[in-house]
Each structure stands twice: as structure tokens, then as C-alpha cells.
Amino acid sequence: MSIVIRKAGAESFERLEQLWLSLHAHHQTVMPGYAYHPDERSWEIRLACYHEWIVSEGLFVVLAERDGETIGYAFVHVKDGPDDTWVTGNRMAEVETLSVAPEERGRGVGTLLLDAVDAELETLGIGDLFIGTLAANSGAQELYERRGLRPVLVHLARMSASPPA
């Protein structure tokens, strides 16, 4: 029952839908009070992003599998740098999605995925990594901070479809 971590590409996208939808549901649980897309529309939009990003040089997907079943993934988008504010390298990476199956959360799968992301970034010569998370998702924030990431931006939003706070 060991976990296998492997790199993948666009051929893996069909395997990601349920994991994306579980993350989408998790977002709604940890941060209620906003208007969220229905599952089908949310996946349609995210899948379109994945197809757009997959053509980027250095982009990669890391899968966590147990007994042939995908139980988590990290989708990493490599972007040209340097950043306009902070001193960074000429390429930077952003984890666009990190999703772990609900029944696997808290068992180290996210850590294994991030270990694989860090290893791949090292081979690409990329030291700068960005990861976003919902403001209310303290569990994800704690995981990232344990790995040496620090909060650097706070995004504020006013979305017309959501009731005012």
C-alpha cells in the first residue's frame, strides 16, 4: 500500500477531475459565504487553464498514486522572472493546484507531493516558489510554512455574485 509519486503530463488530466472537485468542495467548506461555480463548470474552467498552461516550458504535474489510483496531485506552472518586486531568479514556479483526496489528507501525501515538486524545481534550477491558499485554509498554510514558505501577499476581493461580509 505504498504511495508512488511520478511526473505526468496532459495525459493525466482526466484523472484529476475528482481530486479537483474534492478541493473545490473543501474550499466551500473552509470559506463559506461566497458564490461558487457548480462542480461541472468549475472543472471545465480549471481544465481549460491546465490545457493552456501545459504548453509552458518547465510546467509539470506530479501525481501521488496508491495501487494505481490517483490520490493527490500538484500542478506546477513555471513562469518567467524576475519578479518586479522581490529579487528572484529568471524563472519562478507557482503551485497552481495541490489536491489530496479527502480520505488521504493528514497522512503525508501533500508533503510527498511537495517533496517531488522541490526535487523537480532543483533539477530545473528554480529556487523561487509561490503557493496560494484561501485565507481561511489554515491547514494548508501551516503545511506550507513548515516547508519554509512565508506569507508575502494578501489578495482582497469583491465579487459581485457573493453577499457582502
Side-chain angles (χ1 to χ4, degrees), residues 3-13 15-17 19-24 26-27 30-31 34 36-37 42-65 70-101 104-159 162:
I3 296 171
V4 174
I5 304 292
R6 69 176 180 90
K7 276 181 57 178
E11 79 287 347
S12 69
F13 290 177
R15 301 178 74 186
L16 307 182
E17 181 176 2
L19 288 164
W20 169 258
L21 294 177
S22 72
L23 181 61
H24 183 58
H26 181 66
H27 287 167
V30 298
M31 206 154 157
Y34 291 89
Y36 289 88
H37 283 295
S42 177
W43 175 242
E44 177 184 314
I45 293 168
R46 180 50 58 151
L47 183 59
C49 289
Y50 288 171
H51 282 291
E52 178 183 328
W53 295 332
I54 198 71
V55 298
S56 299
E57 180 182 337
L59 178 133
F60 59 95
V61 180
V62 179
L63 302 179
E65 299 172 324
T70 303
I71 60 170
Y73 75 100
F75 195 104
V76 181
H77 187 186
V78 175
K79 303 173 182 185
D80 289 334
D83 186 78
D84 57 1
T85 301
W86 299 287
V87 176
T88 64
N90 289 328
R91 293 193 306 162
M92 305 173 291
E94 181 163 358
V95 175
E96 298 287 355
T97 309
L98 177 68
S99 181
V100 174
E104 297 287 347
R105 291 182 189 144
R107 296 182 178 176
V109 176
T111 296
L112 290 173
L113 287 166
L114 290 171
D115 287 347
V117 167
D118 285 343
E120 180 64 19
L121 293 177
E122 186 174 336
T123 65
L124 295 171
I126 298 171
D128 302 301
L129 177 63
F130 295 82
I131 300 175
T133 184
L134 293 179
N137 195 350
S138 59
Q141 291 170 30
E142 291 169 8
L143 170 64
Y144 303 148
E145 288 180 22
R146 283 194 306 268
R147 299 186 65 82
L149 288 103
R150 299 178 302 172
V152 294
L153 293 173
V154 175
H155 285 117
L156 303 175
R158 178 178 52 230
M159 293 174 269
S162 296

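Note that the structure is predicted; figures quoted are calculated from it, not measured. When a residue number appears, it is its place in the shown sequence, counting from 1. Below, each value reflects all heavy atoms present in this structure, side chains not excepted, and no hydrogens, waters or symmetry copies.
Counting only residues at least two apart or in different chains, salt bridge (Lys or Arg N to Asp or Glu O under 4.0 Å) contacts with residues 138-151 comprise D115-R147, D118-R147. For the salt bridge (Lys or Arg N to Asp or Glu O under 4.0 Å) condition, no pair includes a residue of residues 124-136, sequence neighbours left out.
Interatomic distance, CG of D80 versus OG1 of T88, reported as 10.5 Å (0.5 Å rounding). Taken to the nearest 0.5 Å, the CG atom of L16 stands 7.0 Å off from the OG1 atom of T70. For the atom pair C49 SG and I54 CD1, the distance stands at 12.5 Å (nearest 0.5 Å). Annotation: the span from Y36 atom OH to H24 atom NE2 amounts to 8.5 Å, rounded to 0.5 Å. Here the CG-CG distance, from L19 to L21, works out to 9.0 Å after rounding to the nearest 0.5 Å.
Remark: R46 pairs with no residue by the salt bridge (charged side-chain N to carboxylate O under 4.0 Å, His left out) rule, at least two apart or across chains. Scanning for side chain to side chain donor-acceptor pair (under 3.5 Å) contacts around W53 gives an empty result, with sequence neighbours left out. Listed by chain and number, the residues in a side chain to side chain donor-acceptor pair (under 3.5 Å) with E17 amount to none (sequence neighbours excluded). Under the side chain to side chain donor-acceptor pair (under 3.5 Å) criterion, H27 pairs with no residue at all, not counting sequence neighbours. T133 is linked by a side chain to side chain donor-acceptor pair (under 3.5 Å) to nothing, counting only residues two or more places apart in sequence or in another chain. V30 is linked by a side chain to side chain contact (heavy atoms under 4.5 Å, CB included) to H26, L134, N137, counting only residues two or more places apart in sequence or in another chain. Remark: E104 pairs with R66, R107 by the salt bridge (charged side-chain N to carboxylate O under 4.0 Å, His left out) rule, at least two apart or across chains. In terms of the ring-ring contact (aromatic ring centres under 6.0 Å, His included) criterion, residue partners of Y50 (sequence neighbours excluded) are, by chain and number, F13, F75. In terms of the salt bridge (charged side-chain N to carboxylate O under 4.0 Å, His left out) criterion, residue partners of E96 (sequence neighbours excluded) are, by chain and number, K79. The ring-ring contact (aromatic ring centres under 6.0 Å, His included) check on H37 picks up nothing, with sequence neighbours excluded.
The two residues Y73 and L113 have their closest heavy-atom pair at N-CD1, 3.5 Å. Across every non-hydrogen atom of A74 and L98, the tightest pair is CB-CD1, 3.8 Å. Nearest approach of V62 to A116, heavy atoms of both residues: CG1-CB, 3.6 Å. Scanning both residues, P82 and N90, for their nearest heavy atoms gives CD-OD1, 3.9 Å. Minimum heavy-atom separation, I126 to A93: CG2-N, 3.9 Å. Across every non-hydrogen atom of L63 and S12, the tightest pair is CD1-CB, 4.0 Å.
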Inset, instruction - Could you walk me through whether V76 and V95 pass side chain to side chain contact (heavy atoms under 4.5 Å, CB included), step by step? - result: CA-CA 4 Å; V76 181; V95 175; 4.2 Å; yes
Legend entry - Verdict with reasoning, L114 to I131, per side chain to side chain contact (heavy atoms under 4.5 Å, CB included): CA-CA 11 Å; L114 290 171; I131 300 175; 4.2 Å; yes
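Counting non-hydrogen atoms of other residues, nucleotides and ligands closer than 6.0 Å to CD of E122 gives a total of 12 or fewer.
Side-chain atoms of W20 and T97 form no donor-acceptor pair, as typed in the model, at a separation below 3.5 Å.
Looking only at distances, a side-chain donor or acceptor of R91 sits under 3.5 Å from a matching main-chain atom of L124.
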